[in-house]
Amino acid sequence: MPFTNEDFTVIDSIINRYPRKRSAIMPLLHFAQARDGYVTNESIETIAEKLDLETAEVIAVVSFYTQYKREPVGEYHVGVCINTLCAVMGGDAIYEGLKEHLGIENNCATKDGKVSLERIECNAACDYAPVVMANWEFYDNQTVQSAKDLVDAIRSGNPPAPTRGPDKLPTWRENSAVLAGISDGRAGEGVSAGEPSLLGLKLSKEGK
Amino acid sequence: MSKLTPVLSANWDEKDSFTIAGYKRNGGYKAVEKALAMEPDAVIQSVKDSGLRGRGGAGFPTGMKWGFIPQGDNKEHYFVVNADESEPGTCKDTPLMMANPHVLIEGIIIGSYAIRANHAFIYIRGEVAHVIRRVQQAIEDAYKAGYLGKNILGKGFDLELILHVGAGAYICGEETALLDSLEGFRGQPRLRPPFPAIAGLYARPTIVNNVETVASVPSIIANGPEWFAAIGTEKSKGYTLYSLSGHVNNPGQFEAPLGITLRELLELAGGIRNGHKLKFWTPGGSSTPLFTDAHLDTPLDYEGVSAAGSMLGTKALQIFDETTCIVRAVLRWTEFYKHESCGKCTPCREGTWWLVQILKDLEHGKGTAEDLDKLLDLCDNIMGRSFCALADGAASPIISSIRYFKDEYLQHLAIGGCPFDSVASTIFATSPAGGAK
């Protein structure tokens with residue numbers, strides 16, 4: 001799909017954020033994923049051209065960071081934290097359960113293109129373990145069953161809202177735009193903090 | 001009286017705590033008015049006098065770091081916030097930015113003014129979409145309110161603040177790798193010196209501070225350095241966020257004076273989950289050597305934890321009870337370091353690969369007791385031999401677990417497999433015994 005004038009307007013606005021244009025490479029790659037769902041060869045060539053780089057230099061960056069995908073992922077990309085704490089608390093069982101339930105391997109998508117699965121590292125929500133992410137939104141305190149229910153709901157077109165996030169789960173491409181710094185106007189949705197985040201504050205108010 | 005001292009988290013239970021109105025209602029952006037009426041050097045002095053030390057792991061005195069920025073050098077200076085929170089177990093900056101992004105922005109304005117920077121960046125990890133929304137919105141609102149942009153509060157100070165979103169690389173939490181990443185390269189650590197204060201972003205003088213560190217600055221300016229220095233212990237001043245996770249009844253965030261103990265924190269967290277007992281824990285993330293129940297009364301400040309053989313790190317207290325297999329836990333952390341090694345330095349790139357192979361065998365009851373010596377020897381050849389501390393972090397759980405739980409490693413070999421039931425350690429295990437099969 002050729003880049004449109006609108007695409008180039010976005011690209012230029014991203015480049016203009018930075019004192020030096022090469023710094024724009026990461027948000028441009030997030031934007032590429034918002035456009036196509038993954039980083040295409042065409043995007044790599046366009047970004048290289050805009051930043052006066054060789055395509056190899058862009059590929060070197062793409063291949064370094066796990067959030068950039070060189071193949072399509074699901075419309076909803078589900079990550080299960082399998083770092084030690086989440087794994088022990090149930091993350092390993094959740095991952096195995098989802099793998100079997102969806103019939104797919106790590107970093108693969110279902111045939112309908114709805115859901116892909118990834119073993120992810122610590123996502124900074126350990127007090128909500130075990131944690132599952134969908135398109136990088138938090139689904140806290142999961143069980144094998146709740147995670148299966150989540151992917152089933154996603155596949156039937158009715159995903160529940162994230163535990164701490166917007167009112168409705170955005171698609172992979174929509175959230176890739178957020179990561180590129182393009183506002184979706186949904187910052188005001190969702191809670192300020194979940195219960196574990198508030199526990200110390202609550203206890204201090206009780207004088208404990 | 002409560003042992004807790006909520007400052008950064010004081011307004012998190014308000015519905016609009018993350019908005020500029022919610023922040024200002026609780027006295028937000030008063031500190032920046034006060035700071036901009038001071039000389040920049042006086043701001044640095046206040047932060048020095050407060051005793052604030054880095055909350056991202058290393059514990060370096062913040063005011064002293066700011067003082068390293070050369071002045072009158074006619075170069076651009078940069079202020080960079082490390083919001084790439086990825087150290088396993090660490091989960092404090094993420095809720096902080098979700099619930100109170102403006103306190104971070106206020107700290108950035110004050111810090112940038114102090115070191116005479118007109119450009120600031122927040123480097124945030126890419127896997128937290130809603131936190132990114134909140135911080136982005138907060139930046140836009142701070143611009144609209146005149147706290148960012150040209151001639152801030154009419155004081156002639158200009159500041160551009162840019163949110164930069166990472167893309168899934170633990171190593172970018174290392175400050176020089178972060179700077180390479182921000183410049184548009186693969187995130188690989190640089191050899192130091194020169195330190196970022198001399199040659200950082202675009203080879204210009206740069207401060208890189210952790211989110212919690214920067215967010216602590218407005219309270220120091222607003223209440224005075226003496227107020228801050230009166231909290232905590234002799235050399236570890238102030239309050240901080242302790243994050244308890246794992247096998248406790250009520251995990252969560254606890255903002256308390258430095259020097260509180262795990263025993264006190266566990267009491268607040270409702271204790272180890274019912275019917276179980278503490279086995280091992282990390283004081284500050286997976287890169288800090290493990291502790292056991294022998295360390296329940298260790299003061300959790302920089303000196304106390306260090307004297308007991310570990311590091312305060314990020315104050316990420318991951319708690320594991322007796323149902324957890326130490327070899328499985330350490331293997332998984334080691335797989336993480338292998339996965340996240342950037343590959344620049346051979347001891348780390350190759351060493352973590354070998355550590356995983358050996359630990360995998362041990363977990364499955366294969367290998368011999370000599371493999372434990374081999375692990376320690378490998379760790380000895382990895383630690384301190386790379387550009388950054390990632391490999392040192394990889395060695396920490398291995399060395400400390402062999403120190404405290406050597407018998408458990410040997411037990412794996414004796415029975416030819418793992419003696420633990422992994423179901424028992426999950427939160428879905430319901431019976432008092434942990435749901436053993």
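Chain identifiers are assigned alphabetically (A, B, ...) following the order of the sequence lines, protein sequences preceding nucleic acid strands; residue numbering begins at 1 within each chain.
Glu14(B) touches chain A through its backbone: at least one of N, CA, C or O sits under 4.5 Å from a heavy atom, while the side chain does not. For chain A, no part of Ile124(B) is nearby; none of its heavy atoms comes within less than 4.5 Å. Proximity to chain A (any heavy atom under 4.5 Å) is shown, for Asp93(B), by neither the backbone nor the side chain. Within the 4.5 angstrom heavy-atom criterion, only backbone atoms of Glu87(B) (N, CA, C, O) approach chain A.
The NE2 atom of His130(B) lies 7.0 Å from the CD atom of Glu137(A); values are rounded to the nearest 0.5 Å. To the nearest 0.5 Å, atom CG of residue Leu201(A) and atom CG of residue Asp13(B) are 4.5 Å apart. Here the straight-line distance linking atom CD of Gln136(B) with atom CD1 of Ile182(A) works out to 10.0 Å at 0.5 Å rounding. Of the inter-residue distances, the one linking Phe64(A) atom CZ with Ser181(B) atom OG reads 7.5 Å to the nearest 0.5 angstrom. Note that OG of Ser23(A) and CG of Leu179(B) are 10.0 Å apart. Values are rounded to the nearest 0.5 Å. In this structure, Glu96(A) CD and Ser422(B) OG are separated by 10.0 Å, a value rounded to the nearest 0.5 Å.
Judged by distance alone, the side chain of Glu127(B) and the main-chain N or O of Trp136(A) form no donor-acceptor pair under 3.5 Å. With Arg186(B) contributing its side chain and Ala60(A) its backbone, the two residues share a donor-acceptor pair below 3.5 Å. Formation of a donor-acceptor pair under 3.5 Å by the Tyr18(A) side chain with backbone atoms of Glu183(B) is not found in this model.
The shortest non-hydrogen separation linking Leu179(A) to Ile132(B) is CD1-CD1, 3.9 Å.
A search for ring pair (Phe, Tyr, Trp, His ring centres under 6.0 Å) contacts involving Phe420(B) returns nothing, not counting sequence neighbours.
Taking the side chain as every heavy atom from C-beta outward, Asp92(A) and Arg332(B) approach each other to under 4.5 Å.
Using modelled atom types, one finds a donor on one side chain and an acceptor on the other under 3.5 Å when comparing Ser17(B) with Ser192(A).
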Please tabulate, for the side chains in residues 80-91 of chain A, all donor-acceptor contacts under 3.5 angstrom to protein atoms that are two or more places apart in sequence or on a different chain.
residue  : atom : partner   : partner atom : Å
Asn83(A) : OD1  : Trp333(B) : NE1          : 3.4
Asn83(A) : ND2  : Glu121(A) : OE1          : 3.1
Thr84(A) : OG1  : Ala329(B) : O            : 3.0
Thr84(A) : OG1  : Trp333(B) : N            : 3.3
Thr84(A) : OG1  : Trp333(B) : NE1          : 3.3

